[in-house]
Amino acid sequence: MSSSDSPELQAEGSSSQNPAETPTLPDNAVTASDLLMAAYDPAKLHPLAQLGDKLDYLLLEDDKTNELPGAGTAIPSRGWSDDLCYGTGTMYLSGLALGGMWGVREGARRPLAVSNNRLRINSVLNSVTRRGTFIGNSAGVLALVYNGVNSSIDAMRGKHDILGSMGAGGLTGALYKSTAGVKPALAAATFMSGMAGIWSYVKKSV
C-alpha cells in the first residue's frame, strides 16, 4: 500500500461511519464551566431523572432552644442532649486541668532520695497523670449523672428551676458515694446539692 492511498482510505472510512453512532451531548448537559460558575440547575444533574424542582431539603433547627419553662439561662441549650454532651465534656476537661495543676504541685514538692532534674521531671509527670486522670474522670462521671438526672426531673415536673437542680445534685452525690457509707453519701449529697444550686443561680442571674 502506498502512502498516497492512505488519505483516500481515511476519507472513505470517515464517510462510511454511521452518523447515529457519533456521541452527542444533550442541550441541557452540565459542563465544567457551569459548575465553576455556580450556575447549575438540579434538573440538569440527569435529564432522565426528571427531578425538576421537586427536591426535598433537610431542615436543621440548630437555632431552636429548649422551650421548657425556666430553661432560658445565660447558657443557651437545645435540650438534654446539649446539657449532657457539653456539661460532661466541660467538666472532664476542667477536671484534667485542675488535677494536672495538683499533680505539678505535688510532684514538685515531693522529696527525692537524689536531687536530680530528670528524677524531678519524672516525679511531676507521674503525679500529673495520676491526679489529672482521677479528677477528670470523677468530674466527668458526676456531670454525666447529674445532667441525666436533672433532665429527667425537669421532664417529669415540666419546668426547670433551682430546686430541681439541687435535687439532681443531691441524688448524684449520694449515688457517687453510696458505697462508702451513709455519712460520706450524705456529705457528698449536701455538697453536690449546694454546688448545683449555686450553678443554677449563677446561670439565671447572669
Side-chain angles (χ1 to χ4, degrees), residues 60-112 120-206:
L60 299 177
E61 298 180 350
D62 291 336
D63 298 333
K64 184 178 180 181
T65 56
N66 191 1
E67 298 178 354
L68 195 68
T73 60
I75 303 177
S77 174
R78 289 174 295 181
W80 65 272
S81 58
D82 277 9
D83 298 336
L84 193 69
C85 295
Y86 296 146
T88 303
T90 302
M91 290 302 297
Y92 176 71
L93 294 178
S94 300
L96 284 179
L98 182 61
M101 291 187 293
W102 181 14
V104 170
R105 181 176 179 273
E106 183 182 57
R109 293 188 176 185
R110 177 178 300 171
L112 300 176
R120 179 61 64 187
I121 293 174
N122 187 41
S123 175
V124 170
L125 292 177
N126 289 336
S127 299
V128 167
T129 54
R130 182 171 64 252
R131 302 300 183 184
T133 53
F134 171 73
I135 299 297
N137 292 335
S138 299
V141 169
L142 287 174
L144 181 67
V145 176
Y146 166 75
N147 285 292
V149 174
N150 193 24
S151 299
S152 301
I153 292 176
D154 292 345
M156 289 187 296
R157 300 178 65 209
K159 63 178 181 180
H160 175 77
D161 55 6
I162 297 179
L163 293 179
S165 299
M166 292 181 66
L171 290 176
T172 302
L175 181 62
Y176 183 72
K177 284 294 185 179
S178 59
T179 58
V182 178
K183 288 184 178 180
L186 290 176
T190 303
F191 175 76
M192 285 293 298
S193 180
M195 294 299 296
I198 294 173
W199 173 243
S200 299
Y201 177 77
V202 170
K203 286 196 302 180
K204 296 285 287 185
S205 300
V206 174

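Values in this document were obtained by computation on a predicted structure and should not be read as measured data.
- The CG atom of N137 lies 12.5 Å from the CE atom of M91; values are rounded to the nearest 0.5 Å.
- The side chain to side chain donor-acceptor pair (under 3.5 Å) search around T133 returns none, not counting sequence neighbours.
- The two residues K177 and A185 have their closest heavy-atom pair at O-CB, 3.6 Å.
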Please walk me through it: do V104 and V128 pass side-chain contact (heavy atoms from CB on, under 4.5 Å)? CA-CA 6 Å; V104 170; V128 167; 3.5 Å; yes
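- Note that CG of L98 and OG of S138 are 11.0 Å apart. Values are rounded to the nearest 0.5 Å.
- One N or O on the side chain of R120 and one on the backbone of G107 form a donor-acceptor pair closer than 3.5 Å.
- Here the side chains of F134 and R130 are not in contact, with every heavy-atom distance at 4.5 Å or above.
- Taken from CE in M195 to OG1 in T190, the straight-line distance is 13.5 Å, to the nearest 0.5 Å.
- Shown here for L175 and S178, the closest heavy-atom pair between the two residues is O-OG, 3.0 Å.
- Of all non-hydrogen atoms in G99 and R131, the two that sit nearest each other are O-CB, 3.4 Å.
- In plain terms, the two heavy atoms of G136 and Y92 that are nearest each other are O-CD1, 3.1 Å.
- Under a 3.5 Å cut-off, the side chain of N150 and the backbone N or O of Y146 do not form any donor-acceptor pair.
- Remark: the backbone N or O of G148 is not paired with any side-chain donor or acceptor of S151 at under 3.5 angstrom.
- The main-chain N or O of L142 is never found under 3.5 Å from a side-chain atom of T172 such that the two would form a donor-acceptor pair.
- The two residues A196 and G169 make their nearest non-hydrogen contact at CB-CA, 4.2 Å.
- No side-chain heavy atom of V145 sits under 4.5 Å from any side-chain heavy atom of Y176.
- Between I162 and S200, the shortest heavy-atom contact is CG1-CB, 4.0 Å.
- Put simply, CE on M192 and OG on S165 are 11.0 Å apart, with the number rounded to the nearest 0.5 Å.
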